[in-house]
Amino acid sequence: MQRIGVFVCWCGSNIAATVDVQAVAEAMKREPGVVYAANYQYMCSEGGQKLISDAIHEYNLTGVVICSCSPRMHEATFRKTAQRAGLNPYMVEIANIREHCSWIHKDKAEATEKAIILARTAVAKVQLNAPLTPGESPVTKRALVIGGGIAGIQTALDIADAGFEVDIVEKTPTIGGRMAQLDKTFPTLDCAACILTPKMVDAAQNEKIDLLTYSEVESVSGFVGNFTVKIRKKARYVDSTKCTGCGACTEKCPSRKGLNEFNMGLNTRGAIYIPFAQAIPNVATIDPTQCLKLKSGKCGLCEKICSAKAIDYTQKDEIIERQYGAIVAATGFKPIDASKYDEYGYSDNPDVVTSLEFERLMNAAGPNKGVLLRPSDKQHPHDIVFIQCVGSRCDDHRGKSYCSKICCMYTAKHAMLVREKYPDTNVHVFYIDVRTPGKNFDEFYRRAVEQYGVEYIKGMVGKVWKNGDKLMVQGSDLLNGEQLLLETDMVVLATAIEPDPSARSVATMLTASMDTNDFFTEAHAKLRPVESPTAGVFLSGTCQGPKDVPETVAQASAAASKVIGLLSKDKMITNPCVAQSNELLCNGCSTCERVCPYGAITYVDKEVRGPEVRGVKRVAQVNPAVCQGCGACTVSCPSGAMDLKGFTNREIMAEVDAICK
């Protein structure tokens, strides 16, 4: 006979203000199998946990129902409490009467009635629960970081410093990411390369770190502690073990019509190239879509002049398969496509540039060697207009509803750099409002206005068009209540940032969650901000949301600490809520095998004996060490043979019956 205890939490006023917790407890006392019911102000507190523990001993409880907040918050807490009291932790059920009830109701009678129903469903389920025992699986002492920007580099360095091996997979020929394209960083205006390059060198020289540049993840299988990953190492057509990075081949290449990706397409590069001077690895790469030798069999000049004999036109893509205990997503961001906003004339006027393009124009290693010139005629601009929130905080389908977080600050940075280097240049900034939430950020913005004389105009720009050799900017000044028509030499668009296009495919391979904007979703915004809901997958940098460099580095180290905590274990406790097959009902159709995202299901020929079945038949077998309890197989099984421990069909139907009671 089941002996159930029900514990109703007030959650301060979160629940008690909307739900009559005493009435819920009294109603539960009348439920079959319930021998004890009580309410308490904070069940998760030490006093609340002692109340549960004492009741388990005093009433010899076989199951516990906690009516409180989401199980994502405190299910682990209450399971540990039950375990310490001698009760199997999987005989604990959570009835979520906060998020599912009190927070969404205003009428107390209505909320109380719903809370009673939710508690009743949990009681019905726990009566059918069976004690479960978790298993163990070994942990592979190696981590994978997907993305070689500042987030990926910092994460890898921290993991390696703890003594664990780590691989960085970067799809471009060099690590460094977006930060490598920057000139200065806010709010200190120090050199981005001076900060980043030493870390790139550290990553390359660390014996625990393996750099897999010009590579992409092909597939991911397995589970936390035991991931199997296939990585495609793309052909560079250059032997990286021989190339010295001398650059002779890049200078002599006759095919020089390829757009320079590192300089945002503002100049061209040869078919064989090294992205930038501090690139790591400092190895040339041949673009097969541009190389005359690979396209037509002609040329081959780079092979002739390479003294190291590093050119290899026969090189093929290579598939590498490795095992990892943890995976970190650090896929970064890209600026939104400014051509969507043709009211600003971006597609038609070369003197309308994005902020990242402006960054390269100002950079000493950029296309103009650090001299600010208009792209159209290579003349020095004397008037520049910056337009904020291009693609950010938009309600239409073209942009993003969120604030990109960094635009106000990098526009202030650009404005200050222009005024400092070219005092004869007038700078105007159109803005919706200025957001400066970081340390010393507001002071930085005030410097731009007060010390450097940057004119900030509160209002939106409606249109930008060409008039002779000038650009005309039509906008509004909301503070003065007037329309403006400014004549300027250049327009800089502070474009929104969005996740890298690769993020969606990476998330699919990792079975990780994403939001509607294709940012990775964290397990809990406050309690688990660098963990994915998928166990063993962690988040670093702007793949999770817009961030500046300091915040990115902080999150990278936080993700690394989680990985280190995981890899320091010799064995992982596995989830006992796994699928199981009723071999008498299984018809061997393979449906469950096809839908299983973890490859946990295989089929075997087995002798089966039952009331109506006898003989050898093809049946499904579940590997409990691999199964993650997602339930995909249970809903797809046409014969009802697959079930999920802890969430069996009987238990679910008992909950449905309790609701309809």
Side-chain angles (χ1 to χ4, degrees), residues 1-11 15-16 19-45 47-71 73-102 111-134 576-577 643-661:
M1 179 181 175
Q2 294 286 350
R3 297 178 62 81
I4 311 299
V6 180
F7 303 86
V8 185
C9 181
W10 298 14
C11 196
I15 294 174
V19 174
D20 187 339
V21 291
Q22 179 64 36
V24 176
E26 291 299 323
M28 289 303 99
K29 290 179 180 178
R30 299 188 292 270
E31 287 297 311
V34 176
V35 297
Y36 179 79
N39 65 86
Y40 191 78
Q41 190 169 12
Y42 293 105
M43 279 294 173
C44 61
S45 68
Q49 292 182 61
K50 187 176 186 302
L51 176 67
I52 298 169
S53 181
D54 291 346
I56 291 173
H57 290 298
E58 184 177 349
Y59 293 92
N60 195 25
L61 300 182
T62 59
V64 168
V65 171
I66 313 292
C67 303
S68 60
C69 57
S70 165
M73 293 287 290
H74 289 301
E75 183 179 59
T77 301
F78 294 127
R79 281 181 172 177
K80 288 176 183 177
T81 301
Q83 190 171 29
R84 286 194 297 269
L87 181 66
N88 186 283
Y90 294 92
M91 297 302 291
V92 175
E93 284 297 323
I94 308 293
N96 186 353
I97 64 171
R98 188 178 75 171
E99 284 86 345
H100 289 177
C101 188
S102 66
T112 302
E113 181 184 1
K114 183 176 179 181
I116 292 171
I117 293 172
L118 292 174
R120 187 193 302 145
T121 61
V123 169
K125 182 177 185 298
V126 80
Q127 288 180 337
L128 296 176
N129 279 8
L132 300 176
T133 303
C577 299
D643 222 340
L644 191 63
K645 294 178 182 179
F647 300 92
T648 64
N649 294 331
R650 284 188 65 213
E651 291 167 341
I652 301 300
M653 291 310 300
E655 291 184 287
V656 174
D657 292 341
I659 293 172
C660 301
K661 187 174 177 181

Check: [Y] main-chain N/O paired with [X] side-chain donor or acceptor under 3.5 Å:
{"X": "Lys125", "Y": "Gly646", "answer": "yes"}
{"X": "Glu93", "Y": "Ala122", "answer": "no"}
{"X": "Ser68", "Y": "Cys9", "answer": "no"}
{"X": "Asn129", "Y": "Val92", "answer": "no"}
{"X": "Glu651", "Y": "Phe647", "answer": "yes"}

side-chain contact (heavy atoms from CB on, under 4.5 Å) filter on Asn60, not counting sequence neighbours, yields Arg3
Using side-chain heavy atoms (C-beta onward) and a distance below 4.5 Å, is [X] in contact with [Y]?
{"X": "Leu128", "Y": "Thr648", "answer": "no"}
{"X": "Asn39", "Y": "Val24", "answer": "no"}
{"X": "Cys44", "Y": "Phe78", "answer": "yes"}
{"X": "Val8", "Y": "Ile97", "answer": "yes"}

Go through it in stages, so that I can follow the logic: the residues are Cys69 and His74, the test is side-chain contact (heavy atoms from CB on, under 4.5 Å), and I'd like the CA-CA distance, side-chain angles, deciding distance and then a yes or no. CA-CA 8 Å; Cys69 57; His74 289 301; 3.8 Å; yes
Locate the shortest heavy-atom distance separating [X] from [Y]; write the atom from each residue and the value.
{"X": "Val21", "Y": "Ala16", "result": "CG1-CA, 4.3 Å"}
{"X": "Leu118", "Y": "Asn96", "result": "CD1-O, 3.4 Å"}
{"X": "Cys101", "Y": "Ala115", "result": "SG-N, 3.8 Å"}
{"X": "Asn88", "Y": "Leu132", "result": "ND2-O, 3.0 Å"}
{"X": "Cys11", "Y": "Tyr42", "result": "C-CE2, 3.9 Å"}
{"X": "Arg120", "Y": "Ala658", "result": "NH1-O, 3.2 Å"}

In Å and rounded to the nearest 0.5 Å, what is the [atom1] to [atom2] distance from [X] to [Y]?
{"X": "Leu51", "Y": "Ile56", "atom1": "CG", "atom2": "CD1", "result": "10.0 Å"}
{"X": "Arg650", "Y": "Asp643", "atom1": "CZ", "atom2": "CG", "result": "10.0 Å"}
{"X": "Thr62", "Y": "Ile4", "atom1": "OG1", "atom2": "CD1", "result": "4.5 Å"}
{"X": "Met43", "Y": "Thr77", "atom1": "CE", "atom2": "OG1", "result": "13.5 Å"}
{"X": "Lys645", "Y": "Tyr90", "atom1": "NZ", "atom2": "OH", "result": "11.5 Å"}
{"X": "Thr81", "Y": "Phe7", "atom1": "OG1", "atom2": "CZ", "result": "10.5 Å"}

Could you tell me whether Glu113 atom CD has more than 12 heavy atoms of other residues or ligands within 6.0 Å of it? no
Partners meeting side chain to side chain donor-acceptor pair (under 3.5 Å) with Lys80 (sequence neighbours left out): none
